**Student:** 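If you scroll down you'll find the structure; I have some questions about it.
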Amino acid sequence: MSSDWEAVIGLEVHVELATKTKMFSACPNSFGGDPNTRVTEVDLGLPGTLPVVNGRAVEYAIKLGLALDCEIAPSSEFHRKNYFYPDMPKNYQISQYDVPICGPGHLDITLLDGTDKRVGITRVHMEEDTGKSTHVGESGRIHGAEYSLVDYNRAGVPLLECVSEPDIRSAEEAQAYLTELRAIVLALGISDAKLEEGSMRCDANVSIRPAPRAGNAHDPGEPYGTRAEIKNMNSVRSLGRAINFEITRQIDVCESGGDVIQETRHWNEDAGTTSTLRRKETLDDYRYFPDPDLVEVAPTPAWIEEIRATLPELPTATRHRLVSDYALSHADAVTLYDSGLVALLDATVSEGGDAADAARWLANEISAWQNETGEPAVERLSGAHLAQLLSLVADGTLATGGARKVLADVMAGKGTPAELAQSHAQVSDEDQIAAVIDQVIAEQADAAQKVRDGNTKAMGALVGGVMRATQGKANPGVVNKLLAEKLTTE
Amino acid sequence: MSLVTKSAAELTKAMAAKDVSAVEVVQAHLDRIDATDDQTGAWLTLTADQALADARSVDDRRSNNEKLGPLAGIPVAIKDVMCTKGTTTTAGSKILEHFIPPYDATVVANIRAADGIILGKTNMDEFAMGSSTENSAYKVCRNPWDTDRVPGGSSGGSAAAVAGFHAPLSLGTDTGGSIRQPASVTGTVGIKPTYGRASRYGLIAFASSLDQAGTFGRTVADAAAGLQVICGHDPKDSTSIPKDVPDFSEGLHNGVEGLRVGVVKQFMEGGEGVEPGVIAAVNASVERLDALGAKIVEVELPHAEYGLPAYYLIAPSEASANLSRYDGVRYGLRVDGDTTHEMMAATRAAGFGAEVKRRIMIGTYALSAGYFDAYYGQAQKVRTLIIRDFDAAFAQADVLVGPTCPTTAFGLGDKTADPLAMYLNDIYAVPASLAGMPAMSLPVGFDDAGLPVGLQLIGPLLGEGVMLQTAAALEAELDLDLTPQGPNALAAPSKDTA
Amino acid sequence: MALSNDDVRHVARLAQLDLTDEEVEGLAPQLAGILAYAEKVSTVAADDVPPTSHAYPLANIFRDDDNVIEPLSPEQVVANAPEEQDNQFRVPRIIGDPT
Ligand SMILES: [Mg+2]
Ligand SMILES: [Zn+2]
């Protein structure tokens, strides 16, 4: 970004709640399925049907509010937001307006360079999702479609809309915010939060203004530029790309003497650009009013405290604990957290495993295994077994290579590390190793000569040769010792 | 006496004694409808075959000595604003001409569970908006007392059906008088319970914070028995009151000795458009209550005059959103258009009648940017003031009385040109609606033209009992013949016994 | 209070009602008259009077999420549809984005 400009970004994130039923009906709430297979008369907005609030959705809203340090409103209500659109069965959306269930709060993020930043949360409110229309025609897009088909499976799915303050200043901050919010939602277990599938959706309000002079912050009252709302980003990466594109576009507009227009823009993933979706018009008039079909939501302090007591350890606290209790680096803590391996680490440590060793194995081999197989390691590996494996390495029974093989066998369900150790055990017998060393020196005469000439770096190739020849079972200490002896005494 | 002139209570007794079968009772009413509905226009849909099958089932179960519900074999008319599973439900609108709900409204399900026999669906003002049933998109509905006059509205069909001996019991809905006013002008008993007593689930919504189902009967006991069946907590309606419903029949014979009856001063002042005959009949019935031992007190509802204006902001505002769903996408009428939004606008233009459009427009305007506080917000504050008025009045009185409406039945077409004049029919009905109070209309006399006059009785919240007790005492004391009579009246049922 | 024909057309657009010119001209004075009558409410209540949304106050009416019901069959869902295709509601092309 040209340093003459500063971006001002606020995010609106919608989270589909993983409740059993929809927001206002007892219809099963689940993703996908054939069109119109998860629709009741309430979801279809048939005449005479009425909404009844899903108590668990309220509980989840309060959970997220507490996790974001929000004020929980002692009384809030549902409003109708009126506009005509075929995805919306009643042509109004039941949402919250002037008194959302969760008021101001904040979310702390850590950037790649390790700096921390606090982003204000304006509100979290409850609402219902809309159905989906498929546009049929040559392009498959809304423009040029001949007709559309409407499926109401998603209509009425409970949503939380979390609105941030315009405190975000870069694509990186926005990405960190979304990643952190997603981690919190997952930790709370209130949504599967899949950006690709739309169970978590993020819109960005982006504007620019002249950058403050070096060392000076903007006055709090400094006006923001005209903002554009960007939609249709379905990954953290797209969010970053879309924001960066939009910032550049707005700077170009301003620097060529134009004005940024208030509008909604669509992010085109393939083209890597945003384009006008819809101008904000004066016709936007949602005629909000309290939904007379519903009554006040007034969570008692006792209920709020009950919910607070069920809150799990939140991601920030977990990562801080990994750093402070297990002496992990912040990066390792993030990796372990993101791989969902913290519970396994905790279990391993509680079984007597060394935290640093366990973290290294988890962050490398085990996280790689998860990535390859797409399965969570916890289903194959217990903390007790990982602790056992670490102690077999520590007491010299297994070399690293052998331990890797034992781990692979454990993950394949072949047995426990103790049972499998024998077949991959480390060889420390000097005569046995010396025989292999002789063979390797013969094969790699050049390398051996270099070591004799004082080039110790060449030693690595010889050690590697011995390890390969012993399928990783040779005790590396013994190998090093014997090699050194042979190449200096000869 | 013919079966159709008997009350539900009498029919229940006769069927229990096996003097008459449910099939005979139902057939007699279907015959009466067949013979006279071309004059009343009370019905939009008849489900005669189903009704006879249901009656047969009641008779079979009775002969097997199975336990039957409290309305076993009693013919019931259902206002077409209530969803009936598998039976067309139009709310009197072209926009729902062929709509068949896949579910029953809770009040309808309650009638079925009580073994009541549903004869069909009755005529009404489109989406319950009106006071004459002239806003029905389907047919003219006429008053059995004078077929050149309106039966009131919006539940005009349900009122005409009971007054015309098509059924001893019917269901209606009352948002701002739509049960009480037609009851008043057709000489029937019409009851609206406390808001939240009867479930709104499956009532096609007009104004959600006001809509309430209720009953019509020719006697207080019949209307109360029907009310008993439809009331009760329903978890499908968030505004349904989670409280047990007392036995409404309990106090019906207790009389009014010592009861404090509050006459609402603001309703008795008369004024432009108020017929002297109405005030006279109301005064006469108050004297009878006095003679029966009630303590008559004058009470005031100083903010009552703001009720109607508040109502004409709240009800259209809620209606404007409630009626947004009729857009040609999922059910009901569709008029083609090049784009979806053009299709929606064309469908709504063709499917809604003039009064519905007018109210959608008022409501949309009142909610639009910049007007919410001045209109809807203020109207909700007026509601508070009216509730406070009622609280003060009920500190002085156990039940309130006054006229149900300013006039007796008016002529077809008399008020269609002037919406405000039509709205004024509900000036006395609306305050109780805004305050959620139970209220009813009881026939207490006739004007000079021989047309029935209704007395409105209003109870405190959840106080249906004291209201019904007062009405029953006065009904017994007056002992009126409520068979429509007069030069243009519907012919009375033949006297031959079935 | 006066309402111009354009005011009426604007409201009709919000309400998704395709009114004829005749209807617009008829409605302008009618709406103005009704709103003028309704305006009686605007001065009567003092600022400290709280609004009432329902006469019988209720709060925290919640449904138990563990009670799941059987949805309608897709055939039932589209049973009343003016136009249907593959168990979905078919509508003419949609112009514009919802929000
Ligand atoms: Mg939004
Ligand atoms: Zn939203």
Side-chain angles (χ1 to χ4, degrees), chain A residues 19-21 24-29 34-41 43-44 46 52-58 75 77 82-88 91 130 133-137 142 144-152 231 264 266 277-278 283 285 287 290 292 294-300, chain C residues 3-4 6-19 31 35 38 41 50-99:
Chain A
T19 48
K20 291 181 188 166
T21 65
F24 297 111
S25 87
C27 185
N29 171 28
D34 286 339
N36 291 315
T37 51
R38 271 190 305 282
V39 180
T40 67
E41 61 239 34
D43 312 300
L44 199 54
L46 287 191
V52 184
V53 175
N54 183 338
R56 185 167 281 142
V58 177
S75 169
E77 53 187 2
N82 294 283
Y83 60 95
F84 284 82
Y85 205 76
D87 288 357
M88 212 162 41
N91 285 317
T130 62
S133 38
T134 314
H135 309 296
V136 183
I142 194 160
E146 287 159 28
Y147 62 92
S148 298
L149 297 176
V150 190
D151 166 20
Y152 292 107
K231 290 175 173 289
T264 304
H266 182 90
L277 189 62
R278 172 173 176 276
L283 199 61
D285 182 345
R287 288 159 284 135
L294 293 165
V295 301
E296 180 192 18
V297 175
T300 59
Chain C
L3 244 79
S4 70
D6 279 348
D7 292 337
V8 173
R9 283 196 188 92
H10 170 74
V11 176
R13 220 165 23 241
L14 288 176
Q16 209 70 40
L17 273 174
D18 198 358
L19 298 181
L31 298 188
L35 288 164
V41 304
T52 297
S53 61
H54 295 94
Y56 193 94
L58 291 170
N60 295 335
I61 301 295
F62 299 135
R63 190 169 42 76
D64 181 353
D65 188 45
D66 291 328
N67 293 336
V68 186
I69 62 167
E70 196 61 34
L72 298 170
S73 71
E75 292 73 24
Q76 281 176 306
V77 170
V78 297
N80 283 293
E83 199 178 348
E84 169 261 330
Q85 183 177 318
D86 306 327
N87 289 333
Q88 296 193 69
F89 297 88
R90 183 169 161 157
V91 294
R93 62 206 178 89
I94 302 168
I95 303 291
D97 175 68
T99 45

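Note that the coordinates shown come from a computational prediction; the quantities given were computed from them, not determined experimentally.
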**Student:** Where on A/F24 is there a heavy atom nearer than 4.5 Å to chain C: the side chain, the backbone, both, or neither?
**Tutor:**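 Contact with chain C involves the backbone of A/F24 alone.
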**Student:** Shorter than 4.5 Å, heavy atoms on both sides: which option in A/R56, A/E296, A/E77, A/R287 has the most such pairs with chain C?
**Tutor:**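 Heavy-atom pairs under 4.5 Å are most numerous for A/R56.
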**Student:** Sort A/S25 into side chain, backbone, both or neither according to what part of it lies under 4.5 angstrom from a heavy atom of chain C.
**Tutor:**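 A/S25 touches chain C through backbone heavy atoms alone.
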**Student:** Between A/Y147 and C/Q85, is any side-chain donor less than 3.5 angstrom from a side-chain acceptor?
**Tutor:**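 There is such a pair between these side chains.
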**Student:** Is C/A81 in contact with chain A via its backbone, its side chain, both, or neither, using a 4.5 Å heavy-atom distance?
**Tutor:**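 Contact with chain A is absent: no heavy atom of C/A81 under 4.5 Å.
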**Student:** So which heavy atom on A/P292 is nearest to which on C/H54, and how close?
**Tutor:**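 Result for this residue pair: O-NE2, 2.5 Å.
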**Student:** For chain C, which candidate among A/V297, A/V39, A/D43, A/D151 shows the most heavy-atom pairs at distances under 4.5 Å?
**Tutor:**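 Winner by heavy-atom pair count: A/V39.
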**Student:** Taking C/V78, C/N80, C/D66, C/D64 one by one, which has the highest count of heavy-atom pairs under 4.5 Å against chain A?
**Tutor:**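 If we count pairs closer than 4.5 Å to chain A, C/D66 comes out on top.
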**Student:** For the CG atom of C/L19 and the CG atom of C/L17, what is their distance to the nearest 0.5 Å?
**Tutor:**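 Here the interatomic distance stands at 5.5 Å.
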**Student:** Using non-hydrogen atoms only, which part of A/P290 is less than 4.5 Å away from chain C: side chain, backbone, both, or neither?
**Tutor:**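 Nothing of A/P290, per the 4.5 Å heavy-atom cut-off to chain C.
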**Student:** Please classify the contact between A/L149 and chain C as side chain, backbone, both or neither, with a heavy-atom cut-off of under 4.5 Å.
**Tutor:**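 A/L149 touches chain C through backbone and side-chain heavy atoms alike.
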**Student:** Just wondering, are more than 12 heavy atoms of other shown residues or ligands nearer than 6.0 Å to CD in C/E70?
**Tutor:**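 Not more than 12 within 6.0 Å, no.
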**Student:** Roughly how far apart are A/N91 CG and A/Y85 OH, rounded to 0.5 Å?
**Tutor:**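 One gets 11.5 Å once the value is rounded to the nearest 0.5 Å.
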**Student:** I'd like to verify something: which residue of A/A57, A/C27, A/A298 has the highest number of heavy-atom pairs under 4.5 Å with chain C?
**Tutor:**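 Heavy-atom pairs under 4.5 Å are most numerous for A/A298.
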**Student:** Indicate the atoms forming the closest heavy-atom contact of A/T21 with A/A26, along with that distance.
**Tutor:**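 The answer is CG2-O, 3.6 Å.
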**Student:** Out of curiosity, C/D65 CG to A/T19 OG1, how far, rounded to the nearest 0.5 Å?
**Tutor:**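 OG1 of A/T19 is found 5.0 Å from CG of C/D65.
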